Amino acid sequence: MNPNRPTDSLPAPGAEALAQSEALTDLIRGRIAAASGWLPFDRYMDLALYAPRLGYYGGGAMKFGRRAEDGSDFVTAPELSPLFATTLARPVAQALQQSDTRQLMEFGAGTGKLAAGLLTALADLDVPFDSYAIVDVSGELRARQRETIEREAPALAAKVRWLDALPETFEGVVIGNEVLDAMPVRLVVRKPGAWHERGVVVLGDRFAFDDRLVMPDAQIELIDAAIDEANGEPFAEYVTETHEAALGFTKTVCTMLARGAAFFIDYGFPRREFYHAQRATDTMMCHYRHRAHTDPFLYPGLQDITAHVEFTGIAEAGVGTGADLLGFTSQARFLMNAGITDVLNELDPSDVKRFLPAANAVQKLLSEAEMGELFKVIAFSRGIAGTLDAFAGGDRSHTL
Ligand SMILES: C[S@@+](CC[C@H](N)C(=O)[O-])C[C@H]1O[C@@H](n2cnc3c(N)ncnc32)[C@H](O)[C@@H]1O
């Protein structure tokens, strides 16, 4: 049985989806039993999101879209408006030109909208490129990506390929939108005088959290100091995440990048802000039918689970490989610098049906109250001298 019944009015999934969730629940119970009754949260999150065929990204959930009625759970910038891809294409083009490279690689390509938009915009800008590789842990999304690209950028679809493994080296531009936040995190709890790790246990017919005393490792020690530095006040309990998967991923990508740039766009904060008292109950969030909530045990496999990105750690991981930090700024500043208002103004304002939704979407991408400030862009490079126009004003690398 599914132990994770909704406690409020969240819409119930259909029978097929429920059966998938129950199968995943059984699988996770088995893993918990095999781990002597206690599973670290990152392993739970990994199974809930990526178990083949059953996890949220491994299975058939609709995921991305604009409205709950579509059966989707959340909207991302490339889904919100094609202007996001068209604008991002400008710094991508500049990075290709400045590094004299001709290849693109996108991680976690979702529905394929960003790929289709970037391909089209780069061709419109007359930027020569040879290939667009997509890397996604979710095989299920490949068919959807292919369909989007063939529909929206048919003349360029032949340049796209899907990789099963990363090349040892890559020369070109890497892009990842909302990929870092989708990587499994451990949950750790600071209690007076001792650190605990929050794991998952089976309690009757439900999953529940259970805290175990742990010896602080290097990540926990770093966080321990960061909490004090950010607040200067003692905490009875501070719950947060460690981000080993995102750090490892950043190292892998930056090591692979022999020449060119890697852009990651995601929500989060530099370390000093991340560990502020405001976030003392962790940043882990779940998304189901466009409602954000904090119960990771609701319908396993049918909802997204995410955590904010700690960008100082990401910067250290990238720079530690010898890559340069190309820039770090808010999404609003990055898109403004890259010319999103010019891109919008290319549309005809008298074509109200097209112009108004586009203007509304741009407002969402830029607004401080929406995505403009919470979302950041961090970029690494090798072989690029100077900076890019998109980081020319308002670069916040010094806050990392
Ligand atoms: C929140 S979705 C974002 C999708 C898309 N980029 C967008 O903005 O609409 C996260 C995506 O990252 C993928 N992902 C997570 N970890 C990954 C990894 N290590 N390598 C490649 N893709 C990954 C997931 O499968 C999923 O497609």
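Keep in mind that what you see is a predicted model, and the values were worked out from it rather than measured. In each ligand, atom 1 is the first atom listed, and ligand 1 is the first ligand listed.
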Heavy-atom distances under 4.0 Å decide this one: backbone, side chain, both or neither, for [X] against ligand 1?
X      : result
Lys113 : neither
Leu141 : side chain
Pro78  : side chain
Asn177 : both

Could you walk me through whether Arg186 and Thr242 pass the side chain to side chain donor-acceptor pair (under 3.5 Å) test, one step at a time?
CA-CA 5 Å; Arg186 285 197 297 151; Thr242 66; 3.2 Å; yes
Numbered atoms and elements of ligand 1 in range of Gly110, under 4.0 angstrom, heavy atoms:
4 (C), 5 (C)
Of all the non-hydrogen atoms in the protein, which one sits nearest to [atom], and at what distance?
atom                    : value
atom 2 (S) of ligand 1  : Tyr57 OH, 3.4 Å
atom 9 (O) of ligand 1  : Thr76 OG1, 2.6 Å
atom 21 (C) of ligand 1 : Val135 O, 3.5 Å
atom 19 (N) of ligand 1 : Met183 CE, 3.5 Å
atom 25 (O) of ligand 1 : Asp136 OD1, 2.6 Å
atom 17 (C) of ligand 1 : Val137 CG2, 3.7 Å
atom 10 (C) of ligand 1 : Glu178 O, 3.2 Å

Within 45 degrees of the axis of the six-membered ring of [Y] and under 6.0 Å from its centre: does [X] put its NZ or CZ there?
X      : Y      : answer
Lys376 : Tyr267 : no
Arg198 : Phe209 : yes
Arg212 : Trp195 : no

If the test is side-chain hydrogen bond (donor to acceptor under 3.5 Å, both in side chains), which one of Arg291, His287, His293 qualifies with Gln303?
His293
Tell me whether Asp181 has any N or O atom under 3.5 angstrom from an N or O of ligand 1.
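Min N/O separation from ligand 1 is not below 3.5 Å for Asp181.
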Under 3.5 Å, N or O to N or O, is Gly108 touching ligand 1 that way?
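Between Gly108 and ligand 1 (N or O atoms, distance only) the closest approach is under 3.5 Å.
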Can we say [X] and [Y] salt-bridge, meaning some charged N sits less than 4.0 Å from an Asp/Glu carboxylate O?
X      : Y      : result
Asp26  : Arg31  : no
Glu79  : Lys113 : no
Arg142 : Asp164 : yes

Between Thr306 and Asp304, does any side-chain donor sit less than 3.5 Å from a side-chain acceptor?
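The answer is no; no qualifying pair exists.
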Which word best sums up how the rings of Tyr275 and Tyr238 line up, parallel for under 30°, tilted for 30 to 60°, or perpendicular for over 60°?
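Ring orientation of Tyr275 relative to Tyr238: tilted.
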Candidate with minimal heavy-atom separation from atom 20 (N) of ligand 1, of Phe84, Phe107, Tyr50
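That would be Phe107.
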